[in-house]
Amino acid sequence: MNILKFNSEAKLNEAAARIITSTVQVNPSAVLGLATGGTPIGIYKELVKDYNEGLVSFSRVTTFNLDEYVGLSPDHHQSYSHYMKENLFNHVDIVAERTNIPFGLADQLEEECRQYDERIEAAGRIDIQLLGLGHNGHIGFNEPEDELSSSTHVVNLAEETKQANARFFTETEEVPSQAITMGVGTILKAKMLMLVVKGADKAEIVKRALTGPVTTQCPASLLQTHPNLVVLVDEAAGSLLP
Ligand code: PGA
């Protein structure tokens with residue numbers, strides 16, 4: 001595991017984006033695993049900047065997002081599909097057909113999950129998977145449980161997660177109760193994992209995830225088992241890390 005600490009959010013965002021940009025420069029057909037939430041927004045801005053400066057083209061890239069809410073249509077303003085268009089896809093030369101996000105309105109959710117994993121398999125392994133960290137240690141929407149599903153599946157969101165994500169909705173009640181998420185096994189199959197954590201409110205959980213016991217009660221702790229994990233933290237989030 002490689003932990004990189006940054007004394008400003010801007011530097012962290014630049015460094016994270018440079019890792020993704022160089023992955024695509026080396027392999028223009030790279031498969032990128034993408035994340036949503038507050039953490040990656042600044043990183044996507046940097047990627048758009050790299051694209052506008054002619055440093056990188058996404059025209060041959062394939063992407064898979066970690067998760068999507070169940071019950072929201074792709075054009076709902078809080079769907080992750082909408083988020084990805086707003087924050088990245090609409091601003092670069094990515095081909096829409098090669099962007100993959102679970103479909104939260106599928107009639108057969110289990111079948112949608114199975115097919116999502118099949119699509120990832122068919123694309124080859126994810127070259128780099130971007131990850132944020134939930135306050136309860138979740139990655140994607142893999143919430144703390146006695147047992148974790150390895151493959152893409154439907155989850156009931158923890159109350160804590162709904163509260164945390166309510167900031168993006170008008171009313172807490174509007175936050176969907178379920179989501180489709182890549183499983184921990186799906187995530188761990190990526191060739192490289194990039195965990196990004198920002199803010200003092202995550203200092204305790206990132207310490208537990210990276211230096212505590214590997215346990216399904218802290219899904220991010222399973223990342224410790226990955227041979228190629230890079231962690232980018234700002235000073236506040238990294239204050240309790242070695
Ligand atoms: P955040 O969420 O980036 O909005 O803090 C991270 C997560 O819950 O995985």
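Because the structure is predicted, anything quoted here is derived from the model rather than measured. Start at 1 and go down the list; that is how both ligands and their atoms are numbered. For the numbers below, each heavy atom of this structure counts, side chains included, while hydrogens, waters and symmetry mates do not.
In terms of protein heavy-atom proximity, atom 3 (O) of ligand 1 is nearest to T39 OG1, 2.4 Å. At the shortest separation from atom 7 (C) of ligand 1 among protein heavy atoms lies H138 NE2, 3.3 Å. The protein heavy-atom contact nearest to atom 2 (O) of ligand 1 is K202 NZ, 4.1 Å.
For the pair E160 and ligand 1, no heavy-atom separation below 4.0 Å is found.
Residue-level proximity to ligand 1 for L133 is carried by the backbone, the only part with a heavy atom below 4.0 angstrom. At a heavy-atom distance under 4.0 Å, no atom of H135 approaches ligand 1.
Applying the salt bridge (charged side-chain N to carboxylate O under 4.0 Å, His left out) test to every pair with at least one member in residues 178-193, sequence neighbours left out, gives these pairs: E121-K189, D127-K191.
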Could you tabulate the donor-acceptor pairs under 3.5 Å formed by side-chain atoms of residues 34-47, not counting sequence neighbours?
from : atom 1 : to  : atom 2 : distance (Å)
Y44  : OH     : A35 : N      : 3.2
Y44  : OH     : A35 : O      : 2.6
E46  : OE1    : R18 : NH2    : 3.2

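Closest to atom 4 (O) of ligand 1 by heavy atom, among G132, G38, P40, A164, is G38.
Taken to the nearest 0.5 Å, the NE2 atom of H153 stands 14.0 Å off from the CD atom of E112.
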Exercise for review: Apply the test salt bridge (charged side-chain N to carboxylate O under 4.0 Å, His left out) to residues R114 and E118: give CA-CA distance (whole Å), side-chain angles for both, the deciding distance (0.1 Å), then the verdict.
Suggested key: CA-CA 6 Å; R114 201 185 57 72; E118 271 182 14; 2.4 Å; yes
Exercise for review: Test K5 against E235 for salt bridge (charged side-chain N to carboxylate O under 4.0 Å, His left out), laying out the working first.
Suggested key: CA-CA 6 Å; K5 281 193 201 180; E235 256 173 327; over 6 Å; no
